[in-house]
Amino acid sequence: MKLYDCAIIGGGPAGLNAALVLGRARRSVILFDDNKPRNAVTHESHGFITRDGVKPEEFRRLAHADISKYPSVQLARTKVVDMVKRGHSLFLVQTSAGEVFQARTIILAIGLKEKLPNITGVTDYYGTSLFSCPYCDGWELRDQPLAVISENESHRYSMASMVYNWSKDLIICTNGVGSFDHQQRAKLHSRGIRLYEQRIAGFKGKSGRLQKIVFVDGTEVARTGGFVTSNWHLAIRFAEKLGCRVNESGGLAIDDYGKTTVEHVYTAGDAATISPAQLIVAAAGGSKAAMSVNTALTHLDF
């Protein structure tokens, strides 16, 4: 059985960039990608210089073309279901097809899964006129009548203050969950931001384009877009089985170089922060983790 220098779990921007850097370092790499990205509903990605507005499928096509130049990188289009550490620097990686691969190091670029608020119809608009990241989609919604929809008391005030930079015509919808303190209410009122603290019954619109938010008391508010805060969790759980410590936010605890608390296991992308990163940030994390892996392998072999 072939022993790879590194197995990368996850074929998003973090995993792809890690594979590129390690391929250029002449390391043998197997990259596992089950083609189920977190941003599957995203039509365009923004904030990546030279790639602003790129469609996710086009980004992946270009990335695969880049890494295909390096013969030591192998792409496995399958899902990893289990992983076991054997000794100091040996990992067994099992796929859903029952295959087992060996690697000396691991990069977990596993990304996140998100759970949207339990509101009827929210998924019909998510990715078209409702989004999660103002830095990714705020420009396209600038100066439109927007809503921040959030059940997260600790996050929605800061989200609203951020979105206000793109549009002053803003409301906050709590979906009946939690409240605001007096100081927050006063600040929001001074900015003309209205609060709707009743539950949301649903939405009105066409082809994913929002027109109105409908509340259970019959109130309807015209909006053309907005931002939703989701709950995030690790896409797969075997990192904890390996013994990787989890940080306070629920992500994987790492050092400044992407190394987890388990020797020769690294992570990159969203998994350390439990928040969705922009494309360029995730790719940068993959590059950093790959360089850390190459350094560790050099120390082992030299």
**Report entry** Under 3.5 Å donor-acceptor, Thr128 side chain and Asp124 backbone
**Finding:** no

Query raised in the report: If you count the non-hydrogen atoms of other residues, nucleotides and ligands that lie under 6.0 Å from NZ in Lys212, is the total more than 12?
Result: no

Report task. Give the cluster check for Ile106 versus Ile254: same hydrophobic cluster or not, with ILVMFWY residues linked at side-chain heavy-atom distances below 4.5 Å. Result -> no

Report summary line: Smallest heavy-atom separation, Cys6 atom then Ala103 atom, equals C-CB, 4.1 Å

Requested in this report: Please list, chain by chain and in numerical order, all residues satisfying ring-ring contact (aromatic ring centres under 6.0 Å, His included) with Tyr157, sequence neighbours excluded.
Outcome: none

**Report entry** Same cluster (ILVMFWY, side-chain, under 4.5 Å), Leu195 and Ile171
**Finding:** no

**Report entry** Exercise: identify the closest heavy-atom pair between Ile200 and Cys173
**Finding:** CD1-CB, 3.8 Å

Query raised in the report: Does a side chain donor of either Gln184 or His182 reach within less than 3.5 Å of an acceptor in the other side chain?
Result: no

Requested in this report: Just do the side chain to side chain contact (heavy atoms under 4.5 Å, CB included) check on Leu130 and Leu210 with the steps written out, would you?
Outcome: CA-CA 8 Å; Leu130 294 176; Leu210 182 64; 4.0 Å; yes

Requested in this report: Mind checking the CZ-CG spacing from Phe227 to Leu170? Nearest 0.5 Å is all I need.
Outcome: 9.5 Å

Query raised in the report: Between atom NE2 of His155 and atom CG of Asn231, what is the distance when rounded to the nearest 0.5 Å?
Result: 10.5 Å

**Report entry** side chain to side chain contact (heavy atoms under 4.5 Å, CB included) between Glu220 and Ile213, worked out
**Finding:** CA-CA 6 Å; Glu220 297 186 2; Ile213 300 174; over 6 Å; no

**Report entry** Side-chain heavy-atom pair Leu300, His264 within 4.5 angstrom cut-off
**Finding:** yes

Report task. Would you kindly confirm whether Val148 and Leu116 end up in one hydrophobic cluster when ILVMFWY residues are joined by side chain heavy atoms under 4.5 Å apart? Result -> no

Query raised in the report: Can you find a heavy atom in the side chain of Gln102 that is under 4.5 Å from one in the side chain of Arg86?
Result: no

Report task. State the CZ-OG1 distance between Phe203 and Thr123, to the nearest 0.5 angstrom. Result -> 9.5 Å

Report task. Tell me yes or no: between the side chains of Arg185 and Ser179, is some donor less than 3.5 Å from an acceptor? Result -> yes

Requested in this report: Establish, yes or no, whether a centroid distance under 6.0 Å links the rings of Phe32 and Phe101.
Outcome: yes

Report task. List the steps and the verdict of side chain to side chain contact (heavy atoms under 4.5 Å, CB included) for Asp34 and Thr78. Result -> CA-CA 5 Å; Asp34 64 356; Thr78 186; over 6 Å; no

Report task. Start with the C-alpha distance between Lys241 and Asp82, add both sets of side-chain angles, then the distance that settles salt bridge (Lys or Arg N to Asp or Glu O under 4.0 Å), and finish with yes or no. Result -> CA-CA 9 Å; Lys241 180 182 175 183; Asp82 199 12; 2.9 Å; yes

Report summary line: Output for pair (Gln94 CD, Lys79 NZ), nearest 0.5 Å, gives 12.5 Å

Query raised in the report: Do Phe59 and Ser45 have side-chain heavy atoms sitting under 4.5 Å apart?
Result: no

Query raised in the report: More than 12 heavy atoms of other residues, nucleotides or ligands under 6.0 Å from CG of Asp181: is that the case?
Result: yes

Report task. Answer yes if the ring centres of Trp166 and Tyr135 are under 6.0 angstrom apart, and no otherwise. Result -> yes

Report task. List the steps and the verdict of salt bridge (Lys or Arg N to Asp or Glu O under 4.0 Å) for Asp169 and Arg223. Result -> CA-CA 9 Å; Asp169 187 351; Arg223 299 284 99 178; 3.0 Å; yes

Report task. Flag the pair Arg194 / Ile172 as yes when at least one side-chain heavy-atom distance between them is below 4.5 Å, and no otherwise. Result -> no

Report summary line: To the nearest 0.5 Å, atom CG of Leu141 lies from atom OG of Ser129 at 8.0 Å

Report task. Could you tell me which residues satisfy salt bridge (charged side-chain N to carboxylate O under 4.0 Å, His left out) with Lys115, sequence neighbours excluded, listed by chain and number? Result -> none

Query raised in the report: Within a strict 4.5 Å, meaning less than it, do heavy atoms of the Arg156 and Thr174 side chains meet?
Result: yes

Query raised in the report: Do Ser167 side-chain atoms and Leu146 backbone N/O form a donor-acceptor pair below 3.5 Å?
Result: no

Query raised in the report: Can you hop from Val73 to Leu75 via hydrophobic side chains spaced under 4.5 Å?
Result: yes

Query - Any Met162 side-chain heavy atom under 4.5 Å of Tyr164 side chain - result: no

Query raised in the report: Any donor and acceptor pair, going by atom type alone, linking the side chain of Ser68 with main-chain N or O of Ala65 inside 3.5 Å?
Result: yes

Query raised in the report: Taking atom types as modelled and ignoring hydrogens, do the side chains of Asn152 and Ser150 form a donor-acceptor contact shorter than 3.5 angstrom?
Result: no

**Report entry** Nearest heavy-atom neighbours spanning Thr229 and Glu151
**Finding:** OG1-N, 4.1 Å

Report summary line: Taken to the nearest 0.5 Å, the spacing of Ile193 CD1 from Phe180 CZ works out to 9.5 Å

Query raised in the report: Would a distance-only check, ignoring hydrogens and angles, find a side-chain to backbone donor-acceptor pair under 3.5 Å from Ser207 to Arg209?
Result: no

Query raised in the report: Going only through I, L, V, M, F, W and Y residues with side-chain contacts under 4.5 Å, is there a path from Ile119 to Val214?
Result: no

Query raised in the report: Considering all heavy atoms of both residues, which atom of Pro134 and which atom of Ser132 are nearest to each other, and what is their separation?
Result: CD-O, 3.8 Å

Report task. Check whether any side-chain heavy atom of Arg104 lies under 4.5 Å from a side-chain heavy atom of Leu297, and answer yes or no. Result -> yes

Query raised in the report: Does Asn175 offer a backbone N or O that forms a donor-acceptor pair with the side chain of Arg199 under 3.5 Å?
Result: yes

What pairs of donor and acceptor atoms, side-chain ones from residues 12-29 against any protein atom, are under 3.5 angstrom apart with sequence neighbours left out?
unit_1, atom_1, unit_2, atom_2, d
Asn17, ND2, Ala283, O, 3.2
Arg24, NH1, Tyr70, OH, 2.8
Arg27, NE, Asn294, OD1, 2.7
Arg27, NH2, Asn294, OD1, 3.3
Arg27, NH2, Thr298, OG1, 3.2
Ser28, OG, Asp5, N, 2.9
Ser28, OG, Asp5, OD2, 3.3

Report task. Could you walk me through whether Asp33 and Arg60 pass side chain to side chain contact (heavy atoms under 4.5 Å, CB included), step by step? Result -> CA-CA 11 Å; Asp33 181 8; Arg60 288 165 63 85; 2.7 Å; yes

Report task. Considering non-hydrogen atoms only, spot the tightest contact between Asn247 and Leu252 and give its length. Result -> ND2-O, 3.5 Å

Query - Within-4.5 Å side-chain heavy-atom neighbours: Thr105 and Val265 - result: no

Report task. Determine whether more than 12 heavy atoms belonging to other residues, nucleotides or ligands lie under 6.0 Å from atom CG of Asn118. Result -> no

Report summary line: Smallest heavy-atom separation, Ala296 atom then Tyr266 atom, equals CB-OH, 3.3 Å

Query raised in the report: Can a donor-acceptor pair be found between the side chains of Gln144 and Thr224 at a distance below 3.5 Å?
Result: yes

Query raised in the report: Does the separation of the ring centres of Phe131 and Tyr126 fall below 6.0 angstrom?
Result: no

Query raised in the report: So with a 6.0 Å cut-off around NZ of Lys85, is the heavy-atom count from everything else above 12?
Result: yes

